[in-house]
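Structure first, commentary second.
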Amino acid sequence: MMKMKENKFPQKIAAPVTQDELLQRCEQLAGKTLGQVAAEMGQIVPENLRRHKGWVGNLLESYLGADAGTQAQPDFIGLGIEMKTMPLNALGQPKESTYVCTVPLKQNGQQVWQDSWIRRKLSHVLWLPVEAAADIPLADRYIGNGWLWKPTVEQERMLKADWEELMDRIVLGEQAEITAREGEYLQIRPKAANSRVLAKGVSASGESELINPKGFYLRTSFTKQLLVTA
DNA sequence: CTATGATCATGA
DNA sequence: TCATGATCATAG
């Protein structure tokens, strides 16, 4: 009872087989509004994102044929490509930080950047800029030209430096004390249903302790640079 | 619980 | 005004 209206004809798109195919679909997306895409996909546009924070990302993934679902895999498994929306403010700059992945709760100290989950996730990303200014109705927001990105040597160096500093703290059992103020381009912030959610971690004394789960986020100061070279 | 997708909302 | 810390939905 009182269940929200379900979408009557949600479309399911097959995953793109080649990178070119994916880019072609991006071109079809560029210049359309979220309302137009939602209509094509048989989806209802929510009034706002307050209770539908992942709606835009999920809508565009569906349109492009992302097939990873809720698996811990790149969105386009076969292509090894991760898709990220880039919400833009009225000035055309990133409005929010970009969530990448969760922070491992335990650390054996042997983890290296090259094999890290975050590096793999960021190794090949499809960025899709979308208008996100609060005064534009959700359905009227335009989607821009998406582009494929691989970190440059310099960009990866910056991310690796932040990651190593943060991971050092985690190895020392200080994850619970890490704040979003650390990390120049890569930061760690809470990532959970709420602040009361607890998970098993390791304290500074090496004992098991319950901490609020956290995630890695790219600061807008970093994603803003990606727009320049896009 | 963890994973996916993120944006909200308040203090400084 | 804006970044930090908090939060929302859903699948498995």
Side-chain angles (χ1 to χ4, degrees), chain A residues 2-7 10 12 15 34 37-38 41 43-77 81-91 93-106 117-118 120-122 125-138 141 143 162 166 175-201 208-224:
Chain A
M2 296 308 290
K3 191 176 180 190
M4 186 188 288
K5 262 195 300 186
E6 287 180 38
N7 297 319
K12 193 182 295 176
L34 292 177
V37 176
M41 298 300 291
Q43 290 194 31
I44 296 165
V45 181
E47 296 194 11
N48 58 63
L49 296 177
R50 201 162 75 86
R51 291 184 178 280
H52 302 273
K53 298 182 180 181
W55 185 77
V56 177
N58 288 146
L59 173 71
L60 301 184
E61 281 189 353
S62 301
Y63 185 96
L64 295 175
D67 57 355
T70 177
Q71 301 176 72
Q73 292 279 338
D75 294 307
F76 301 94
I77 300 175
I81 294 173
E82 174 77 12
M83 192 212 87
K84 291 288 180 194
T85 56
M86 187 183 283
L88 303 179
N89 60 25
L91 278 47
Q93 300 182 328
K95 182 191 175 193
E96 298 280 352
S97 55
T98 301
Y99 168 70
V100 183
C101 63
T102 54
V103 174
L105 291 159
K106 305 186 78 178
W117 185 6
I118 184 167
R120 280 182 307 212
K121 274 216 154 186
L122 295 177
V125 179
L126 171 64
W127 293 98
L128 277 178
V130 181
E131 285 186 322
D135 60 353
I136 308 175
L138 190 50
R141 298 180 185 178
I143 300 160
D162 281 339
L166 292 165
Q175 177 168 177
E177 285 75 62
I178 297 177
T179 75
R181 293 176 180 78
E182 299 173 45
E184 192 174 0
Y185 297 108
L186 186 68
Q187 65 178 172
I188 283 180
R189 300 221 305 278
K191 170 60 177 176
N194 58 60
S195 59
R196 280 149 265 129
V197 172
L198 299 175
K200 301 264 186 193
S208 179
E209 74 169 341
L210 294 174
I211 60 177
N212 189 222
K214 296 169 185 286
F216 284 113
Y217 294 79
L218 294 175
R219 292 181 184 276
T220 53
S221 57
F222 183 84
T223 52
K224 182 179 176 181

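Below, read A as the first sequence line, B as the second, and so on, with proteins coming before strands; counting in each chain starts at 1.
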Review point. For Lys214(A) and dT4(C), is the shortest distance between a side-chain N/O and OP1 or OP2 below 4.0 Å?
Key: no
Here the distance between atom P of dT10(B) and atom CZ of Arg189(A), to the nearest Å, is 16 Å
CD1 (Ile44(A)) and CH2 (Trp55(A)) are apart, to the nearest 0.5 Å, by 10.0 Å
Does Leu198(A) reach a base, just sugar-phosphate, or nothing at all? Heavy atoms under 4.0 Å. sugar-phosphate
Whole-Å distance, Leu34(A) CG to dT7(B) C1', equals 14 Å
The residue, Arg196(A) or Glu96(A), whose nearest nucleotide of DNA chain C is more 5′ is Glu96(A)
When rounded to whole Å, the NZ to P distance for the pair Lys191(A) and dG5(B) reads 9 Å
Value for CE (Met41(A)) from CG (Leu34(A)), rounded to nearest 0.5 Å, stands at 12.5 Å
Rounded to the nearest 0.5 Å, the CG atom of Leu105(A) sits from the CD atom of Gln175(A) at a distance of 5.5 Å
(request) Verify the contact: side-chain N or O of Arg50(A) to OP1 or OP2 of dA9(C), cut-off strictly under 4.0 Å; return yes or no. (result) no
query = Does Arg51(A) put a side-chain nitrogen or oxygen below 4.0 Å from OP1 or OP2 of dC8(B)?
reply = no
request  = Would you mind classifying the nucleic acid contact of Met86(A) as base, sugar-phosphate or nothing, using non-hydrogen atoms under 4.0 angstrom?
outcome  = nothing
dist Glu184(A):CD -> Glu182(A):CD (nearest 0.5 Å) comes out at 13.5 Å
d(Lys200(A) NZ, Glu209(A) CD) to nearest 0.5 Å is 11.0 Å
Quiz item: Can you check whether Gln187(A) has a side-chain N or O nearer than 4.0 Å to OP1 or OP2 of dT4(C)?
Solution: yes
On the side chain of Tyr217(A), is there an atom forming a donor-acceptor pair with the base of dA3(C) - under 3.5 Å, no angle test? no
Within the pair Arg219(A) and dT4(C), is there a side-chain N or O less than 4.0 Å away from OP1 or OP2?
yes
Quick note, Asn194(A) side chain, CB onward, closest among dA6(B), dT7(C), dT7(B) is dT7(C)
Taking only side-chain nitrogens and oxygens of Lys95(A), does any of them come within less than 4.0 Å of OP1 or OP2 of dC8(B)? yes
| message | Applying a 4.0 Å non-hydrogen cut-off, can you work out what Leu60(A) is touching in the nucleic acid: base, sugar-phosphate, or nothing? | response | nothing
Whole-Å distance, Gln93(A) CD to dC2(C) P, equals 10 Å
* Asked: OP1 or OP2 of dA6(B) sitting under 4.0 Å from any side-chain N/O of Thr85(A)?
  -> yes
- Task: Establish, with yes or no, whether the OP1 or OP2 oxygen of dT2(B) is under 4.0 angstrom from a side-chain nitrogen or oxygen of Thr102(A).
- Result: no
Asp75(A) atom CG is separated from dT4(B) atom P, nearest whole Å, by 9 Å
Rounded to whole Å, the OH-P distance (Tyr99(A) to dA6(C)) equals 17 Å
Exercise. Return no unless some side-chain N or O of Ser195(A) is found under 4.0 Å from OP1 or OP2 of dT7(C).
Key: yes
Taken to the nearest whole Å, CH2/Trp127(A) to P/dG5(B) is 12 Å
The reported gap from CG in Asp75(A) to CD in Glu61(A) (rounded to nearest 0.5 angstrom) is 4.0 Å
Establish, with yes or no, whether the OP1 or OP2 oxygen of dA9(B) is under 4.0 angstrom from a side-chain nitrogen or oxygen of Lys53(A). no
Separation of dT10(C) atom C1' from Gln43(A) atom CD, nearest Å, is 13 Å
Base, sugar-phosphate or nothing for Val56(A)? Non-hydrogen atoms, less than 4.0 Å. nothing
